[in-house]
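Step one of this worksheet: look at the structure below.
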Amino acid sequence: MAWIATVPLRMTLVFCVMVLAGCSGLGRGGEKPPETVEVASRSVVIGGPTGYCVDRGASRLVGESPFVLLGSCASIAGDRSAGTPARLGVLTASVSAPGGPSFAETLPQLETFFRSPPGRAALARDGNDLSVTVLSAEAQGDVLIVHLNDTSANVVPGIASEYWRALFEVNGRLVTLSVMSFDEAPMGPDASQRTIRRFIERIRRESPAIAS
């Protein structure tokens with residue numbers, strides 16, 4: 001199931017380096033960044049909860065496997081009036097190339113897979129299965145929610161080791177989300193779950209209905 005790790009978390013954290021300055025209040029300035037972006041031949045629209053915007057410079061929006069990073073609108077724009085989320089964090093979304101296995105058929109196996117060494121390695125920021133502890137992996141309807149702790153060395157300073165991921169399907173594409181917070185202001189389990197559910201809801205609401 002290597003196809004699950006559409007964008008390794010170690011790549012995610014490389015992108016995070018580009019926005020941490022903004023998250024510290026040293027934004028780049030300019031117009032308000034977009035709240036949503038169309039990817040995957042316009043079959044998937046990525047957008048986060050209120051107060052989060054797309055960091056186009058830290059995202060990969062073209063190609064078959066796009067990656068989108070979202071942060072505080074105010075931090076990315078360098079303008080407090082652009083808006084901030086209720087709970088500050090870094091959100092990511094990756095979208096698989098078309099033609100992969102059916103997620104609905106694979107979902108029952110995933111809870112077990114992510115607890116195995118290959119599954120933990122796919123989740124790990126450094127690719128080492130020993131770095132990850134899966135705290136929970138639970139199917140909620142047609143979505144898999146994974147709560148994990150990643151102690152990988154040499155990660156971006158300031159990013160909390162504990163974070164959340166969600167996997168679900170939109171128009172035949174596997175969408176993988178991450179909700180990460182900061183050591184100095186961790187979201188906590190309840191806020192993290194609310195954030196990731198709103199993230200999922202926004203993507204499903206904004207994405208077009210495409211007949212199968």
Side-chain angles (χ1 to χ4, degrees), residues 1-19 33-49 52-71 73 76 85 89-107 109-110 113-114 118-119 121-125 127 137 139-148 150 163-180 192-193 195-212:
M1 294 188 187
W3 58 277
I4 289 294
T6 53
V7 175
L9 258 290
R10 51 192 178 280
M11 183 183 296
T12 296
L13 291 203
V14 171
F15 283 104
C16 284
V17 170
M18 303 174 69
V19 295
E35 293 185 8
T36 63
V37 64
E38 296 177 331
V39 296
S41 302
R42 298 185 175 181
S43 65
V44 181
V45 176
I46 302 298
Y52 281 98
C53 286
V54 175
D55 190 325
R56 298 183 68 91
S59 301
R60 186 182 66 225
L61 303 179
V62 298
E64 292 293 346
S65 301
F67 167 84
V68 182
L69 190 144
L70 302 94
C73 297
I76 295 170
V90 174
L91 313 185
T92 71
S94 59
V95 182
S96 73
S102 167
F103 181 68
E105 295 176 0
T106 309
L107 181 57
Q109 308 168 36
L110 289 178
F113 171 70
F114 280 127
L123 293 168
R125 292 163 176 164
Q140 300 180 9
D142 57 356
V143 178
L144 182 70
I145 304 290
V146 183
H147 180 201
L148 61 146
D150 189 338
Y163 69 100
W164 297 75
R165 299 194 83 178
L167 298 92
F168 59 104
E169 195 169 62
V170 176
N171 292 325
R173 303 272 192 144
L174 174 66
V175 178
T176 305
L177 308 182
S178 296
V179 170
M180 297 174 283
S192 295
Q193 288 189 73
T195 300
I196 207 162
R197 289 193 181 104
R198 289 169 181 167
F199 199 4
I200 294 166
E201 290 166 3
R202 181 80 183 269
I203 292 169
R204 285 181 156 168
R205 183 173 67 249
E206 300 280 356
S207 295
I210 298 177
S212 56

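Nothing here was measured: the structure is a model prediction, and the numbers come from that model.
- In this structure, the side chain of Asn171 engages the main chain of Pro208 through a donor-acceptor pair within 3.5 Å.
- Across all non-hydrogen atoms, the minimal contact from Pro33 to Ile76 is CG-CG2, 3.7 Å.
- Salt-bridge formation is detected for the pair Arg204/Asp142: a Lys NZ or Arg NE/NH1/NH2 atom is positioned less than 4.0 Å from an Asp or Glu carboxylate oxygen.
- When all heavy atoms of Phe199 and Gly48 are compared, the closest pair comes out as CD1-CA, 3.8 Å.
- Residues Thr36 and Val54 form no side-chain contact, since every pair of their non-hydrogen atoms from C-beta on lies 4.5 Å or further apart.
- Rounding to the nearest 0.5 angstrom, the gap separating the CG atom in Leu148 from the CZ atom in Arg125 is 7.5 Å.
- When the side-chain contact (heavy atoms from CB on, under 4.5 Å) test is applied to Arg198, the partners found at least two apart in sequence or on another chain are Pro49, Arg194, Glu201.
- Separating the CG atom in Leu177 from the CH2 atom in Trp164 is a distance of 13.5 Å, to the nearest 0.5 Å.
- Applying the side-chain contact (heavy atoms from CB on, under 4.5 Å) rule to Pro85 yields the partners Tyr52, Ser72, Leu88; only residues at least two apart in sequence or on another chain are considered.
- Side-chain contact check for Ile46 versus Leu70: some heavy-atom pair is nearer than 4.5 Å.
- From Asp150, atom CG reaches atom CG of Leu123 across 8.5 Å, with rounding to the nearest 0.5 Å.
- Within the 4.5 Å cutoff, the side chain of Arg56 has heavy atoms near those of the Val37 side chain.
- With hydrogens and angles ignored, the 3.5 Å screen pairs a side-chain donor or acceptor of Arg173 with a backbone N or O of Ser96.
- Of the residues Val179, Thr176, Thr92, the one that meets the side chain to side chain contact (heavy atoms under 4.5 Å, CB included) test with Arg165 is Thr176.
- When side chains are defined from C-beta on, Cys53 counts as touching Glu35, because their heavy atoms get closer than 4.5 Å.
- At least one side-chain heavy atom of Ile145 sits under 4.5 Å from a side-chain heavy atom of Ile200.
- A side-chain donor-acceptor contact under 3.5 Å links Ser207 to the backbone of Val45.
- At least one side-chain heavy atom of Leu69 sits less than 4.5 Å from a side-chain heavy atom of Ser59.
- Under the 4.5 Å side-chain criterion, counting only non-hydrogen atoms from C-beta, Phe114 is in contact with Leu167.
- Of all heavy-atom pairs spanning Ala40 and Pro66, the tightest one is N-CG, 4.0 Å.
- The backbone N or O of Phe67 sits nowhere less than 3.5 Å from a side-chain atom of Ser94 that would complete a donor-acceptor pair.
- Between Ala139 and Leu144, the closest heavy-atom pair is N-CD1, 3.7 Å.
- The shortest non-hydrogen separation linking Gly47 to Ile203 is O-CG1, 3.8 Å.
- Annotation for Ala166 and Val143: closest pair CB-CG1, 4.3 Å, computed over non-hydrogen atoms.
- Residues Ser192 and Tyr163 have side chains not in contact (no heavy-atom distance under 4.5 Å, counting atoms from C-beta outward).
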